Amino acid sequence: MDTPPAYQKCINPKCSATFGCEEVLFQCPTCGDLLDICYDWNTVALPKTLADFAGRWAKRNERLDFSGVWRFRELLDFCPDRCKVSIGEGQTLLQQNGALAAELGMNPDGLFLQYEGMNPSGSFKDNGMTAAFSHARMVGATASACASTGNTSASMALYAHSGGLKATVFIGQGKIAFGKLSQAMDYGAQTIQIEGDFDDCMRQVQDVCRQLKIYLVNSLNPFRLEGQKTIMYRIIEQLGWEAPDWIIVPGGNLGNSSAFGKAFMELQTLGLIDRVPRLAVINAVGANTLTELYHDKKLRWNNGHTDNDAIKAYYDGLDAAGFRPHTVASAIEISRPVNLKKCLRALEVCNGVVLAVTDEEILDAKAQIGKTGLGCEPASAATIAGLKHLLAEGTIGKDQRVACVLTGHPLKDPNATVDYHSQMQRPFSNPPMHAANDLDKIIALIK
Ligand SMILES: *Cc1c(COP(=O)(O)O)cnc(C)c1O
Ligand SMILES: [Zn+2]
């Protein structure tokens, strides 16, 4: 079919304006709120069960079937197949990690780590970027841009040059892990470092894109979030099409958590799953807007009637205090998360919880993920750090099944890893040993 049965819709129930998918908007032109991609499911040829999707996995020669995003294409049917861009994203692994489960005092069968670092650019962002660039191709865009703490720029730069688009990256000052910056440069993106932080970049890039008609690929872009839904499809696929009890995800701009909630909302509407998992969104203490608004201000989705005044008052307070977010987990060092409202919706759909963890907790958890599994970057380790809290307070039971989304590859931020392991006093540090160039002395050191 060549006319996709999808449209854009404002999430504000007082507005609910709708727009065609050929329009490049990113925000509702009527009221300024976020946009969703909605589907007329009656016109989509959906498989009868989710298991029908798995058959495509084996067809490595079929470009769209091989993609871990597009083999679920009926669930994100917003553009014709000829526009779909793919470079083999979503070939990721859900690892059952008994060793880490045991360290955390959990049932050894109960802990699963979803390694999104296995994507082409090394982070989950590729799931979204393949969808955004497919939409960009559908609307004939020739240039793309993003504000980034690093991984969005790496992913955008890769997809842009694969699709023949120009790419411009906005990064904050001194706030980017070198693995990520090196990718943006290597993949040929124009990189502009702004005197400010991520939130400043986010504001500038929106105006730049509007004025120059450049295609914006931040998670404000609702098409990007459609691709990120597939992370959830792959998790439940590897669990035999059954939802785990919990999904845990780090919270930055809150695109992932929003996409996950939408994925489960739709699967439930379509009768393709029996049960929705609970969702835990983990902030860093130094960038904890969601946590503060959720707990202190009791901010809720409230059927779309979210208390905008409370959000504005909170941000005014941040401005008045000259607040700058700070955390070693640079990917979630964001104090004005653009998808805040959609995340609140996801928390409602998934009976979610929110909490913040310290940098020490993040780095200890990261070392534990590294020594028992494939490793991850700091932001991803917020999941395990958060899980420890949720186990300790009894919110998550020791015999429950928990899937943590490890959002980025360990080599994204090698400095954080080397710094941690060089400090002898950290609980899991593993520093290199020094030896004289002498066989006996070297042998004496081997443990
Ligand atoms: C972008 C990113 C996040 C934050 O995800 P949001 O969808 O913005 O909340 C977390 N971890 C890593 C590694 C990222 O690149
Ligand atoms: Zn609107």
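Numbering of ligands and ligand atoms starts at 1, following listing order. All values below were derived from every heavy atom in this structure, side-chain atoms included, with hydrogens, water molecules and symmetry-related copies excluded. Here the structure is a predicted model, which is why all the values come from computation and not from measurement.
- Scanning all protein heavy atoms for the shortest distance to atom 8 (O) of ligand 1 gives N253 N, 2.8 Å.
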> Which is it for K371 and E103 under the salt bridge (Lys or Arg N to Asp or Glu O under 4.0 Å) test, yes or no, and what are the steps along the way?
Replying inline: CA-CA 11 Å; K371 90 183 161 68; E103 281 192 28; 2.7 Å; yes
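- Any N or O atom pair closer than 3.5 Å counts here, and G408 shares no such pair with ligand 1.
- For S219, the heavy-atom gap to ligand 1 stays at 4.0 angstrom or more.
- When only interatomic distances are considered, the shortest N/O to N/O separation between A331 and ligand 1 does not fall below 3.5 Å.
- Taking atom 7 (O) of ligand 1 as the reference point, the nearest protein heavy-atom neighbour is N256 N, 2.8 Å.
- Take the Zn ion (ligand 2) as the corner point: the lines to SG of C31 and to SG of C15 open at 120°, to the nearest 10 degrees.
- Nearest protein neighbour of atom 12 (C) of ligand 1, counting heavy atoms only, is T407 OG1, 3.2 Å.
- The aromatic rings of F133 and Y215 lie tilted to each other, with the angle between the two planes from 30° to 60°.
- Taking the ring axis of F66 as reference, the NZ or CZ atom of R71 does not stay both within 45° of it and closer than 6.0 Å to the ring centre.
- Ranking the protein heavy atoms by distance from atom 14 (C) of ligand 1 puts K125 NZ, 2.9 Å first.
- For ligand 1, the atoms closer than 4.0 angstrom to any heavy atom of G251 are 9 (O).
- Side chains of E377 and N151: a donor on one and an acceptor on the other come within 3.5 Å.
- With ligand atoms numbered from 1 in the order given, ligand 1 contributes 11 (N) to contacts under 4.0 Å with heavy atoms of A379.
- The shortest N or O to N or O distance between N151 and ligand 1 is under 3.5 Å.
- Nearest to atom 5 (O) of ligand 1 among the protein's heavy atoms is F124 CZ, 3.6 Å.
- A side-chain donor-acceptor contact under 3.5 Å links Q8 to the backbone of G20.
- Counted by atom type alone, K366 and T417 present one or more donor-acceptor pairs between their side chains at under 3.5 Å.
- Side chains of Q173 and Q193: no donor on one and acceptor on the other come within 3.5 Å.
- Remark: ligand 1 atoms within the under-4.0 Å shell around heavy atoms of I332 are 4 (C), 10 (C).
- Taking the six-membered ring for Trp and the full ring otherwise, Y115 and H409 have centroids separated by 6.0 Å or more.
- A donor atom on one side chain and an acceptor atom on the other are found under 3.5 Å apart for T92 and R234.
- Every atom of ligand 1 is numbered from 1 in the order shown, and the set under 4.0 Å from a heavy atom of E377 is 13 (C).
- Seen from the Zn ion (ligand 2), atom SG of C10 and atom SG of C28 lie 110° apart in angle, a value rounded to 10°.
- Here the side chain of T327 pairs no donor or acceptor atom with the backbone of S330 at under 3.5 angstrom.
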